[in-house]
**Q** 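What follows is a structure written as structure tokens; I'll ask about it next.
Throughout, a chain's letter reflects where its sequence line sits, starting with A, and its residues are numbered from 1.
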Protein chains: 2
Amino acid sequence: MFSKACEYGIKATIYIAVRSNEDKRVSLKGIANHIDSPEAFTAKILQMLARENIILSVRGINGGFEIEKSRLEHIKLADIVKAIDGDNIYKGCGLGLSECNELHPCPVHFEFKKVRDDLRELLETTNLKSLAMDVSSGVSFLRI
Amino acid sequence: MFSKACEYGIKATIYIAVRSNEDKRVSLKGIANHIDSPEAFTAKILQMLARENIILSVRGINGGFEIEKSRLEHIKLADIVKAIDGDNIYKGCGLGLSECNELHPCPVHFEFKKVRDDLRELLETTNLKSLAMDVSSGVSFLRI
DNA sequence: TTTTATTCGGACAAAAAAGTCCTATTTTGG
DNA sequence: CCAAAATAGGACTTTTTTGTCCGAATAAAA
Ligand code: FES
Ligand code: FES
């Protein structure tokens, strides 16, 4: 469904959100440990997210990653997915035709489109704050 | 969503179904042309599908691929996807946790599960015959 | 000012997915 | 039987994804 990079990106961002909500900044090492991801690879993904202004990175001692608290509920899962995997999952044809086009549909188009639109809806409406709250309260988990 | 191999596999199988429904057997070359896929790579995928008894392969002159007409409506998209990509798309966690478990859910589990189950439903209920009919009647297309 | 803890970024390495090529095998028509 | 036409399958190559390493840049603390 999502690439590994995107999975790590989502989990990392949620973890940063959890800690930012407690006014804590978190280091790469802390992130990689909490989401159980390869550290150096995670660094690359965090760089992408920082360049896209989804997270904020701070260099030097006591540096790390954070997200402005007030933005938490405005950042959607879709922002992260789009930054890492692009929007093919929303827009692309499920059978790989060059474009998904109602007027030239592939055999699964009409059924597939529903599922894809539900996924898009999910990603576009789910915000970081609620995801972070669930993790904080032990309702959901980022690893194992 | 699906691997390239799986996309080719689905399209190839639908095309074989179209022709089988007209009591024709079709060659690798014919398939690759009609679904616009790399021939040698498509051959590998057809071998997999033949080993899984989803399609029937016939060697030698006038050989090719076919599907028993009476089976067309009993073969589901899910059979093809499972044979090529496995069942991770049905069963796996959307964020890559080692397993998708209600009792230890990832942050997107409850929303994601709905979409995933809809996809599973779609794949498990869509049969080859109806897909082939749509292509035959010009309602849907296998290439471009 | 120096040391230390941190991210950044480029180059590299490994693994997986996608794709190619060639020979062997099978089948049928001549 | 022999030649031709087809799939089977193993070895190989290319591309993409995933992952590692290390030095440079930065910022705070000592
Ligand atoms: S054309 Fe294939 S999903 Fe729309
Ligand atoms: S635990 Fe992640 S989708 Fe179920």
**Q** When all nucleic acid strands are considered with a 4.0 Å heavy-atom cut-off, which category describes A/Arg25: base, sugar-phosphate, or nothing?
**A** nothing

**Q** Select from A/Val58 and A/Phe2 the residue whose nearest nucleotide in DNA chain D is closer to the 5' end of that strand.
**A**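 On the 5' side of the pair lies A/Phe2.
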
**Q** Dump the pairs, protein N or O against N or O of nucleotides 10-12 of chain C, anything under 3.5 Å, distances to one decimal.
**A**
{"residue": "C/dG10", "atom": "N7", "partner": "A/Lys44", "partner atom": "NZ", "Å": "3.2"}
{"residue": "C/dG10", "atom": "O6", "partner": "A/Lys44", "partner atom": "NZ", "Å": "2.5"}

**Q** Whether B/Lys76 and B/Glu124 form a salt bridge (side-chain N of Lys/Arg under 4.0 Å from carboxylate O of Asp/Glu) is what I want to check.
**A**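 Salt bridge between B/Glu124 and B/Lys76, a charged N being under 4.0 Å from a carboxylate O: no.
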
**Q** Given 3.5 Å as the limit, does a donor-acceptor pair link the side chain of A/Lys11 with the main chain of B/Leu95, or not?
**A**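 Present.
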
**Q** Just to confirm, is there a sub-4.0 Å distance from OP1 or OP2 of D/dA27 to any side-chain nitrogen or oxygen of A/Asn62?
**A**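 So the side chain of A/Asn62 is outside the cut-off, no N or O lying under 4.0 Å from OP1 or OP2 of D/dA27.
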
**Q** Looking at C/dG9, I'd like to know if its phosphate oxygens (OP1 or OP2) sit under 4.0 Å from a side-chain N or O belonging to A/Gln47.
**A**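 Looking at the OP1 and OP2 atoms of C/dG9, one of them is under 4.0 Å from a side-chain N or O of A/Gln47.
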
**Q** Below 4.0 angstrom from OP1 or OP2 of C/dC8, is there any side-chain N or O of A/Arg51?
**A**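 Negative; the distance criterion is not met.
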
**Q** For D/dA28, does OP1 or OP2 lie under 4.0 Å from any side-chain N or O of A/Arg59?
**A** no

**Q** Is the distance from OP1 or OP2 of D/dA5 to the nearest side-chain N or O of B/Ser27 less than 4.0 Å?
**A**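 For D/dA5, neither OP1 nor OP2 has a side-chain N or O of B/Ser27 closer than 4.0 Å.
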
**Q** For A/Met48 and D/dG19, give me the distance from atom CE to atom P, rounded to whole Å.
**A**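 Taking CE of A/Met48 and P of D/dG19, I get 12 Å after rounding.
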
**Q** Given D/dT18, is OP1 or OP2 found less than 4.0 Å from the side-chain N or O atoms of A/Tyr8?
**A**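 False: A/Tyr8 side-chain N/O out of range (4.0 Å or more) of D/dT18 OP1/OP2.
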
**Q** Over how many whole Å does the gap from B/Asn88 atom CG to C/dA17 atom P extend?
**A**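 Distance, rounded to whole Å: 11 Å.
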
